[in-house]
J.: 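Structure in structure tokens, see below.
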Amino acid sequence: MAPVATRTDVQPSKQEAAQLINPFYSPAIGDDGDSAYPFADLKPSFPNIKWEPLTEIPVTHRGLFADPDKKNLFSAAAKVKNLTPAIGTEIEGIDLRQLTNAQKDELALLVAERGVVFFRDQEIDIDQQLDLGRYWGTLHKHATTPIPRNGLEEVHVVYTDGSRRFDSSAYSKLELWHSDVTYEIQPPSTTSLKLLTGPEAGGDTLWSSGYALYSSLSPGFQTYLESLSAVHSAVEQAQGARAAGLAVRRDEIETVHPVVRVHPVTGWKSVYVNSGFTRRIVGIPKSESDTVLNFLFRQISENPDFQVRFKWEPKSIAFWDNRIVTHSAIFDFWPATRHAVRVTPHGERPMSVTEYEKQTGKKAKDRQIEIWKQLGVETKKEGSNAKAKARGYND
């Protein structure tokens, strides 16, 4: 276990506790004071420390070592169920504490293919969750959000209780959609979140597939997006922390990433923007940038064909690939307590289609077309020159 960091704990006054908060850029610093709470050592703290800027680090893509059929993982499961065609798989009957390295590789591949994979009733503790995350990569330390009171700096704490209420006037639901810390030079890969405490109803999370979004677009628009890069910014998150009286442990940065990135294991193309951190597209007029980004943001948040929704229970854990999905929590549970811990391995610097094809000698692919091929279906995409057939809809 890491040594306990020297910290300046932030204890809100009664007046502060009554204030409403923006749950995305201003971290909740409330505490209901329950001294008997069983996960008190994992409650949030905000140490007043400073970290050096991140530098590029090597990455090993464990999914490349996996059996494509995932025989080791699936044979150990009681049930494997895809929740939607585009995204989300739930696995039953596996104890995550007992995974072999082969199963860890296959889980990484499955998450890369399905976007997010869920397990319930898991006894894995935070140290074991950290060890599993480290198997997939060097762990990220967040510059502004809380770490546990026990000083584990590589743990991101998600904690809200009845002492602070969300301010619905401070944000829109669209703005809550994000992929984690995309402003980093090497944003996260196979990320895990375990729920410790949650409401009886509410507090669900939605994920949206960047693969499916890319596949839904016309070929011409796909080609256009592949030529673009966008700025991802940590500025608002740092400003939100400072506004709450909290230290920013690492100076905020802005980084340019491709609008369409290619997953290094699957070779599939994914739209890589999010309303939480993507600010503008480089090299085009602002009006055009705003129009393109707003269209993509709304597709992410509003198109249910790309989404899966998960109803959390205590001891549930989700693994998602931050390279190819966005997500959004639903803040509908106040004044109940919702407490989870996240472990976040770094991935590679995002690769554009051109960079991927140049580095690997392989052609980047459209996931949906590859799925259709596997099913033996021959079809042309909407937006091609083929004449579309009329279709009905009845539900």
Side-chain angles (χ1 to χ4, degrees), residues 24 61 63 82-91 107-119 133 136-137 140 156 158 173-184 186-193 204-217 225 230 232 257-278 293 296-312 316-330 340 342-348 350-351 365-368 370-371:
F24 190 66
H61 305 297
N82 289 342
L83 302 183
T84 80
I87 181 174
T89 298
E90 186 165 347
I91 297 181
L107 177 56
L109 176 58
L110 181 64
V111 175
E113 292 173 345
R114 295 292 303 160
V116 56
V117 176
F118 306 105
F119 298 82
W136 292 319
H140 179 260
H156 168 97
V158 176
K173 294 296 184 179
L174 184 147
E175 292 172 313
L176 296 181
W177 282 92
H178 65 287
S179 177
D180 295 316
V181 296
T182 58
Y183 47 76
E184 303 290 20
Q186 289 178 263
S189 58
T190 313
T191 303
S192 65
L193 183 75
D204 298 355
T205 302
L206 296 104
W207 283 263
S208 182
S209 170
Y211 289 149
L213 172 50
Y214 175 88
S215 295
S216 74
L217 303 173
L225 293 183
H232 297 245
H257 294 311
V259 170
V260 175
R261 71 182 295 179
V262 182
H263 195 289
V265 175
T266 64
W268 296 340
K269 304 174 188 178
S270 177
V271 172
Y272 191 64
V273 298
N274 68 91
S275 55
F277 300 119
T278 309
L293 288 178
L296 296 174
F297 295 161
R298 291 200 170 276
Q299 287 295 298
I300 289 168
S301 66
E302 295 176 0
N303 194 324
D305 293 352
F306 311 153
Q307 297 176 0
V308 66
R309 178 168 177 159
F310 186 62
K311 164 62 180 172
W312 293 96
S316 296
I317 186 166
F319 296 87
W320 69 95
D321 198 318
N322 259 306
R323 293 172 286 201
I324 46 91
V325 299
T326 48
H327 60 280
S328 179
I330 301 176
R342 192 182 85 200
V343 174
T344 316
H346 283 276
E348 76 286 357
M351 289 185 291
K365 298 176 180 179
D366 181 322
R367 174 190 178 272
Q368 186 59 68
E370 295 306 302
I371 296 297

J.: Measuring only between side-chain heavy atoms, which start at C-beta, is His232 closer than 4.5 Å to Pro187?
T.: no
J.: If you define the side chain from C-beta out and look only at heavy atoms, does anything of Tyr214 sit under 4.5 Å from Trp268?
T.: no
J.: Mind checking the CH2-CD1 spacing from Trp207 to Ile300? Nearest 0.5 Å is all I need.
T.: 15.5 Å
J.: With a 3.5 Å cut-off and no angle check, do the side chains of His346 and Glu184 form a donor-acceptor pair?
T.: no
J.: Do Arg114 side-chain atoms and Gly88 backbone N/O form a donor-acceptor pair below 3.5 Å?
T.: yes
J.: Could you please spell out the steps behind the side chain to side chain contact (heavy atoms under 4.5 Å, CB included) verdict for His61 and Glu348?
T.: CA-CA 9 Å; His61 305 297; Glu348 76 286 357; 3.3 Å; yes
J.: Quick one: does Thr190's side chain get under 4.5 Å of Arg323's, heavy atoms only?
T.: yes
J.: To the nearest 0.5 Å, what is the distance between CG (Leu176) and NE2 (His327)?
T.: 10.5 Å
J.: Contact between Phe119 and Leu107 at the side-chain level, heavy atoms closer than 4.5 Å - yes or no?
T.: yes
J.: Under the rule for ring-ring contact (aromatic ring centres under 6.0 Å, His included), what residues qualify as partners of His263, not counting sequence neighbours?
T.: none
J.: For the side-chain contact (heavy atoms from CB on, under 4.5 Å) test, which of Ile87, Val325, Leu206 pairs with Gln307?
T.: Leu206
J.: Show, in sequence, the C-alpha distance, side-chain angles and deciding distance for Phe310 and Val116, and conclude whether the side chain to side chain contact (heavy atoms under 4.5 Å, CB included) test is met.
T.: CA-CA 10 Å; Phe310 186 62; Val116 56; over 6 Å; no
J.: Rounded to the nearest 0.5 Å, what's the gap from CD1 on Ile371 to OH on Tyr211? Could you check?
T.: 10.0 Å
J.: Show, in sequence, the C-alpha distance, side-chain angles and deciding distance for Leu296 and Thr278, and conclude whether the side chain to side chain contact (heavy atoms under 4.5 Å, CB included) test is met.
T.: CA-CA 11 Å; Leu296 296 174; Thr278 309; over 6 Å; no
J.: Look up atom OG in Ser189 and atom CG in Asp321, then write down how far apart they are to the nearest 0.5 Å.
T.: 6.5 Å
J.: Taking C-beta and beyond as the side chain, do Leu193 and Thr191 meet within less than 4.5 Å on heavy atoms?
T.: no
J.: To the nearest 0.5 Å, how far apart are NE2 in His178 and OG in Ser328?
T.: 7.5 Å
J.: Is the shortest side-chain heavy-atom distance between Ile324 and Thr266 below 4.5 Å?
T.: no
J.: Would Thr326 and Phe297 count as a side chain to side chain contact (heavy atoms under 4.5 Å, CB included) if you check the C-alpha gap in whole Å, the side-chain angles of each, and the deciding distance to 0.1 Å?
T.: CA-CA 10 Å; Thr326 48; Phe297 295 161; over 6 Å; no
J.: Looking at Thr84, Asp204, Thr205, which one forms a side-chain hydrogen bond (donor to acceptor under 3.5 Å, both in side chains) with Arg309?
T.: Asp204
J.: Are Leu213 and Asn303 close enough that some pair of their side-chain heavy atoms sits under 4.5 Å apart?
T.: no
J.: Can you tell me how the ring of Tyr183 sits relative to the ring of Phe277, calling it parallel under 30°, perpendicular over 60° and tilted otherwise?
T.: perpendicular
J.: Calculate, to the nearest 0.5 Å, the distance between atoms NZ and OG belonging to Lys173 and Ser275 respectively.
T.: 12.5 Å
J.: Do you know which two heavy atoms are closest between Gly63 and Ala108, and how far apart they sit?
T.: N-CB, 4.2 Å
J.: Could I get the full list of ring-ring contact (aromatic ring centres under 6.0 Å, His included) partners for Phe306, not counting sequence neighbours?
T.: none
J.: Hydrogens and angles aside, do Asn274 and Thr182 bring a side-chain donor and acceptor to less than 3.5 Å of each other?
T.: yes
J.: Just jot down the ring-ring contact (aromatic ring centres under 6.0 Å, His included) partners of Trp136, sequence neighbours excluded, or say none.
T.: Phe319
J.: Does any non-hydrogen side-chain atom of Glu113 lie less than 4.5 Å from one of Val265?
T.: no
